[in-house]
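A short worksheet on the structure shown next.
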Amino acid sequence: METIDIHEAKKHLSRLVQKASRGEAFIIAEAGKPMAKVVPLDQPAPHEKRRIGFLAGQITVPDDFDLMGREEIEGLFGK
């Protein structure tokens, strides 16, 4: 991800806003220290909760899922 100095960001704000609107995220830094990450508005924030059940009906879990690899795992613990 590209890092842009804050003074350059001030000079080229319009160009950088257009860049972000095209989906190109970048970091603004001051004296080499990252200060802010600029991302497009439609990009989901990392703290947003994921939807539960969005794959319902598209995948299946085997009935023996909880037992898969049981012998190998027990062997690792000396059982």
Side-chain angles (χ1 to χ4, degrees):
M1 184 175 305
E2 183 180 6
T3 301
I4 300 169
D5 183 71
I6 194 165
H7 300 294
E8 287 298 311
K10 288 179 184 179
K11 287 183 201 176
H12 305 287
L13 181 60
S14 294
R15 179 178 58 86
L16 293 172
V17 168
Q18 288 298 318
K19 180 177 183 164
S21 71
R22 290 190 305 267
E24 301 175 46
F26 57 91
I27 294 173
I28 297 177
E30 185 172 21
K33 180 182 175 189
M35 302 298 287
K37 180 177 178 182
V38 181
V39 297
L41 282 177
D42 60 352
Q43 183 172 335
H47 63 277
E48 287 183 10
K49 292 185 179 180
R50 299 181 71 177
R51 294 181 307 138
I52 295 176
F54 71 97
L55 289 175
Q58 296 181 31
I59 60 170
T60 59
V61 178
D63 292 334
D64 65 343
F65 178 79
D66 294 337
L67 302 175
M68 294 172 66
R70 177 181 172 189
E71 293 171 3
E72 183 180 350
I73 294 170
E74 285 178 350
L76 292 171
F77 290 96
K79 285 189 173 186

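The chain is numbered in sequence order, starting from 1.
Hydrophobic clustering keeps Val38 apart from Met35 (ILVMFWY residues linked when any side-chain heavy atoms are closer than 4.5 Å, directly or through intermediates). No chain of hydrophobic side-chain contacts below 4.5 Å, direct or via other Ile, Leu, Val, Met, Phe, Trp or Tyr residues, connects Leu55 to Val61.
Residues Ile28 and Phe26 form a side-chain contact, since some pair of their non-hydrogen atoms from C-beta on lies under 4.5 Å apart. Contact of the Ile73 side chain with the Glu71 side chain is not registered, since no non-hydrogen atoms from C-beta on lie closer than 4.5 Å. A heavy-atom distance below 4.5 Å is not found between the side chains of Met1 and Glu24. When side chains are defined from C-beta on, Leu16 counts as touching Ile4, because their heavy atoms get closer than 4.5 Å.
Heavy atoms only, all atoms of each residue included: Asp5 and Ala31 are closest at OD1-N, 4.0 Å. Between Gly32 and Ala29, the closest heavy-atom pair is C-CB, 4.1 Å. Ala20 and Pro40 make their closest contact through O-CB, 3.2 Å (heavy atoms, listed as atom of the first residue, atom of the second, distance).
Expressed to the nearest 0.5 Å, how far CD of Glu8 lies from NZ of Lys11 amounts to 4.5 Å. Interatomic distance, Lys37 NZ to Thr3 OG1, rounded to the nearest 0.5 Å: 11.0 Å.
In this structure, Asp63 places its CG atom where only 12 or fewer heavy-atom neighbours from other residues, nucleotides or ligands lie under 6.0 Å away.
Checked for salt-bridge contact, Glu30 and Lys33 miss the test: no charged N lies under 4.0 Å from a carboxylate O.
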